[in-house]
Amino acid sequence: MWNGGVDRREFLGRTALTTAPWLLGGAAVAAQAGGTPMIPPLIVREKAPQNLEFPFAALDRLIIPNDRFYVRNHFAVPRLDLKTWRLRVEGAVKRAIDLEYEELRKLRSVTLTATLECAGNNRGFLVPKARGVAWQLGAVGNAEWTGVPLSAVLERAGVRDGAVDVVLEGADTGSVAAAGGPDGNIAFASSLPLAKARRPEVILAYRMNGADLPSAHGFPLRAVVAAWYGMASVKWLKRIIVTNRPFAGYFQTIDYSFYERRAGLAVVTPITEMQVKAQMARPSAGEVVPVNRAYRVHGAAWAGEADVARVDVSSDGGKTWAPARLLGRPVPFSWRLWEWNWTPKRAGKVTLLARASDGRGRVQPLTRDADRRTYMISHALPVTVDVK
Ligand SMILES: Nc1nc2c(c(=O)[nH]1)N[C@H]1C(S)=C(S)[C@@H](COP(=O)(O)O)O[C@H]1N2
Ligand SMILES: [Mo]
C-alpha cells in the first residue's frame, strides 16, 4: 500500500502502485514476484488502420510501457528505411535542409515526460453515438521521450521574418475522401504556430521510454508536442514546412477542429491544448464494490501546460465532493496519479465522479459542450458501481 517505506518517486517510476485485483491469476502472481506486474494487452478498436486502446482500468504506474501505449493511426504504418529517410525542412526558411537520422542523433538531446491524449478520447461515451473511433478511457498515455528540440532544427534552417506556422508532415498517406476530405491520397499533417513550435517542450523524438521509437509510434522520428492533444505529435515525420500564413490542411480544419464562440459567431478553430481532466481507473463502471470495506478509488489527471492543482471525488453523483490525494510530485507535461479512500456504508447503486482543477483556475466541466463536436471530451464521466 501507499504508506510503505519505499521512496515514492522510485516506486512511481518503476513498479506497480498497488496489487490490482486483475493480478490474481497464476501468471500474474509470477510476474508480480518478478517485480513487473502485467498490464492486459491493448484493446483493438480498429484493425486497419490499427487503433489500439490502453486498458485504463489497469493503470498502475506513471509511465506506460511502449507495448501498452495507445496507438492512433489514420493510415497504414509506413515502413521507413534509415538509409534513405531524411527530414526535410523547407518553406519560409533561409536555407532548406535535409537531415539524416545519424546527424539528428548527434545533436544535443533532451528528455521530457509527456502525456499524450487523443482529442477523441472518451468518444465512445457520447450519446447519441458519434462517428469516429469509439475510444473509451484509454486513448491516453504518458511516456518519457528523448530527441532534439524542434527549435534547434528550425534554427539550423533559419526561420524567415513573417513566418507564422510550422507544418509537420508524416510519411503515412491514405484517403479521407469519405469523411469530407480531398480526393486521392493525402499525408497526415498538422501545424503549430511558430511560438509553440519554438517552446522547449516541443521535440522531435527518436526514443520512447529509453528504447528506439517503435514503428507504431512513429519510427524513426516523431514530434512530441507536450500539452497539446495527440494530433499535433506527428509520427513518421518526413517534412517540416514553415509557412507565412496559417496552415489550413484537412487535419487542421475539417478534422480536429471545434467551434469557438467569438462575438456571437461560431468559428472553426483548430484543436490545440489539452483540457484539464481527471479520469478514474478504478472502480470501473458496473464494478461490484464491497460494502463497509475500504476501497482505493484511483486514476490520473492532466492539464496541458498547467499543473493539476487538485482532484475531487464525489460518491453521490456530484452532490458533495471530497479532495483526492495527489501522488508523487508534479512533473511538467506529465499526468499526475491520484487516489481516494472510500468506505461505502450502504448497499446499492452509487455514482462516482472525479473532477480536476488546474493551477490556472480551470475546472473540469460536469457537462458536455456540443461545440467541441466529437473532440476534447473532458467532462467528468459518471462511474456507477454496485455496492454489495
Ligand atoms: N503521421 C501521423 N502522425 C500522427 C497520427 C497519424 O495518424 N499519422 N495520429 C495522430 C493522433 S490523432 C494521435 S492521438 C497521436 C497518437 O500517438 P500514438 O499512436 O503514438 O499514441 O499521433 C498523432 N500523430
Ligand atoms: Mo488523436
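Note that ligands are numbered from 1 as they come in the structure, with each ligand's atoms numbered from 1 the same way. Every heavy atom of this structure was used, including side-chain atoms; hydrogens, water molecules and symmetry mates were not.
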Interfacing atoms of ligand 1 (cut-off 4.0 Å, heavy-atom, [X]):
X: Cys118; result: 14 (S)
X: Val71; result: 19 (O)
X: Phe69; result: 21 (O)
X: Asn73; result: 7 (O)
X: His217; result: 18 (P), 19 (O), 20 (O), 21 (O)

Have [X] and [Y] got a donor and an acceptor in their side chains that come within less than 3.5 Å?
X: Gln364; Y: Asp358; value: no
X: Ser175; Y: Asn185; value: no
X: Glu287; Y: Tyr295; value: yes

Candidate pair Arg355 and Leu366, rule side-chain contact (heavy atoms from CB on, under 4.5 Å), full reasoning: CA-CA 8 Å; Arg355 180 186 211 185; Leu366 295 178; 3.7 Å; yes

Is [X] in polar range of ligand 1, meaning some N or O pair under 3.5 Å apart?
X: Glu117; result: no
X: Lys235; result: yes
X: Trp236; result: no

Please report which non-hydrogen protein atom sits nearest to [atom], along with the residue it belongs to and the distance in Å to one decimal place.
atom: atom 16 (C) of ligand 1; result: Tyr70 OH, 3.6 Å
atom: atom 15 (C) of ligand 1; result: Gly230 O, 3.5 Å
atom: atom 9 (N) of ligand 1; result: Arg72 O, 3.2 Å
atom: atom 8 (N) of ligand 1; result: Asp172 OD2, 2.7 Å

Arg262 atom CZ, neighbour heavy-atom count above 12 within 6.0 Å: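 Yes, enclosed.
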
Decide if the gap between the ring center of [X] and the ring center of [Y] is smaller than 6.0 angstrom.
X: Phe251; Y: Phe188; result: yes
X: Trp145; Y: Phe69; result: yes
X: His74; Y: Tyr256; result: yes

Ligand 1 contacted by Glu169 (non-hydrogen, < 4.0 Å):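 Per 4.0 Å heavy-atom rule, Glu169 does not contact ligand 1.
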
Residues forming a salt bridge (Lys or Arg N to Asp or Glu O under 4.0 Å) with Lys47, sequence neighbours excluded: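 With neighbours one apart ignored, the set is empty.
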
Mutual orientation of the aromatic rings belonging to Phe56 and Trp302 [parallel < 30°, tilted 30-60°, perpendicular > 60°]: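 Perpendicular.
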
Is the contact between [X] and ligand 1 made by the side chain, the backbone, both, or neither, using heavy atoms and a 4.0 Å cut-off?
X: Arg222; answer: side chain
X: Ser233; answer: backbone
X: Tyr256; answer: side chain

